[in-house]
Amino acid sequence: MRRHPRRGEAGSEVTAAPSERGAEVGRRIGVGLMYGLWKPRVLGAWRVPPTGPVILAVNHSHNVDGPMVMGTAPRPTHFLIKKEAFVGPLDRFLHGIGQVKVDREIADRTAITRALGVLDDGGVLGIFPEGTRGEGNFASLRSGLAYFAVRSGAPIVPVAVLGSTEKSGRLIKRLPPLRSRVDVVFGDPFEAGDDSGRRTRKALDEATVRIQERLTAHLDHARRLTGR
């Protein structure tokens with residue numbers, strides 16, 4: 001059951017959590033597009049807990065990684081997406097399918113509240129812990145993932161998307177070749193906290209180190225498993 005809109009520290013009302021129904025629509029669109037344009041090979045999706053709050057921590061090397069996870073995850077996912085993507089018609093569309101706009105340059109309290117709202121309501125929050133596209137190797141993590149995991153107590157499921165950057169398409173250079181295989185490997189869920197209940201800066205820094213070790217190990221395993 002969805003809760004009432006939350007209130008900030010000063011008592012002012014803030015935006016309610018994104019729509020679960022919208023995220024399900026986004027999942028169905030993702031299924032059609034990802035399986036229609038490419039050949040996803042999904043491994044370990046059963047590891048995603050079927051109910052309750054979950055954080056999907058996804059490596060990020062290509063723009064297609066987010067939609068690929070949305071279309072292959074077993075549950076509808078609300079991704080934290082940079083505000084620059086919410087332009088023109090995409091603004092209404094992304095909001096409509098339950099995605100969360102975030103300003104990466106500031107401590108975006110609205111985005112934080114909406115993301116925590118997803119987890120409070122037992123939903124799935126998707127995060128690119130590296131903060132932006134890069135090598136997709138989890139080499140440099142920002143503290144946001146640790147904050148959401150420790151604050152909510154939600155388990156983290158590592159997700160490795162492999163193959164999206166191996167080649168460029170002939171028709172659209174910015175996309176993988178049509179009908180090429182992209183591997184999506186889901187790992188075992190784990191807790192980020194140390195059971196102390198601490199939310200200090202030191203506790204978050206320590207959690208980030210633990211998270212990075214688990215994510216890197218999963219990526220290494222996924223590469224061995226898929227041969228990529």
Side-chain angles (χ1 to χ4, degrees), residues 1-3 6 15-35 40 42-60 63-82 85-86 93-102 108 110-131 138 141-142 144-161 182-193 207 211 214-215 218-219 222:
M1 180 180 296
R2 186 166 298 283
R3 296 177 176 85
R6 295 156 182 80
T15 306
S19 164
E20 181 78 5
R21 181 178 298 178
E24 173 59 24
V25 172
R27 188 187 74 82
R28 294 180 183 182
I29 293 173
V31 169
L33 288 177
M34 297 304 105
Y35 284 91
V42 184
L43 304 173
W46 56 268
R47 293 188 171 97
V48 178
T51 59
V54 178
I55 299 173
L56 301 183
V58 186
N59 68 322
H60 194 23
N63 283 331
V64 80
D65 296 338
M68 185 63 67
V69 173
M70 287 180 63
T72 57
R75 296 173 58 186
T77 304
H78 307 265
F79 265 98
L80 279 169
I81 300 176
K82 62 182 181 180
F86 290 73
F93 173 74
L94 291 173
H95 277 117
I97 61 172
Q99 306 309 294
V100 182
K101 178 169 64 174
V102 60
D108 191 335
T110 298
I112 292 171
T113 301
R114 300 193 79 212
L116 288 174
V118 168
L119 299 172
D120 287 346
D121 288 343
V124 180
L125 181 67
I127 295 180
F128 298 115
E130 297 161 288
F138 296 124
L141 268 60
R142 303 180 72 170
L145 174 55
Y147 172 80
F148 287 118
V150 173
R151 171 70 172 75
S152 68
I156 297 172
V157 172
V159 185
V161 180
V182 178
D183 291 324
V184 184
V185 186
F186 294 85
D188 291 318
F190 66 92
E191 305 288 339
I211 291 169
R214 294 292 296 265
L215 297 185
H218 171 67
L219 183 59

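For the single chain, residues carry numbers from 1 onward in sequence order.
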Any ion pair linking Glu24 and Arg27 (charged N to carboxylate O, less than 4.0 Å)?
yes
Can you tell me how far CD of Glu191 sits from CD1 of Ile211, rounded to the nearest 0.5 angstrom?
10.5 Å
Would you indicate whether the side-chain heavy atoms of Thr72 and Phe186 approach each other to under 4.5 Å?
yes
Minimum side-chain heavy-atom gap Leu145-Leu215 below 4.5 Å
yes
As an exercise, state the distance from CG of Asp65 to CG of Asn59, rounded to the nearest 0.5 Å.
6.0 Å
Between Val100 and Arg114 the two heavy atoms that sit nearest each other are CG1-CB, 4.2 Å
Taking the side chain as everything from C-beta on, heavy atoms only, tell me whether Leu116 gets closer than 4.5 Å to Tyr147.
yes
Side chain proximity check, Ser19 to Val25, heavy atoms < 4.5 angstrom
no
Atom CG in Leu80, atom CZ in Phe128: separation rounded to 0.5 Å?
9.5 Å
Determine the interplanar angle of the Phe86 and His95 rings, folded into 0 to 90°, and report it as parallel if under 30°, tilted if 30 to 60°, perpendicular if over 60°.
tilted
Which residue in the set Ile97, Leu56, Ile55 passes side chain to side chain contact (heavy atoms under 4.5 Å, CB included) when paired with Thr77?
Leu56
If I compare all heavy atoms of Pro76 with all of Val124, which pair ends up nearest, and what's the gap?
O-CB, 3.5 Å
Quick check: do Met34 and Pro67 have side-chain heavy atoms less than 4.5 Å from each other?
yes
Work out which heavy atom in His218 is nearest to a heavy atom in Val185; give both atom names and the distance.
NE2-O, 2.9 Å
Closest non-hydrogen contact found for Tyr35 with Gly71 is CE1-O, 3.6 Å
Indicate the atoms forming the closest heavy-atom contact of Phe190 with Pro158, along with that distance.
CE2-CD, 4.0 Å
Would the distance check show the side chain of Glu130 and the main-chain N or O of His60 forming a donor-acceptor pair, the cut-off being under 3.5 Å?
yes
One should read off an interatomic distance between Arg214 CZ and Ile156 CD1, to the nearest 0.5 angstrom, of 9.0 Å
About how many Å separate OG1 of Thr51 and CZ of Arg75, when rounded to the nearest 0.5 Å?
6.5 Å
Nearest 0.5 Å, what's the CG-CE distance between Leu33 and Met70?
10.0 Å
Smallest heavy-atom separation, Ala146 atom then Ala207 atom, equals CB-CB, 4.0 Å
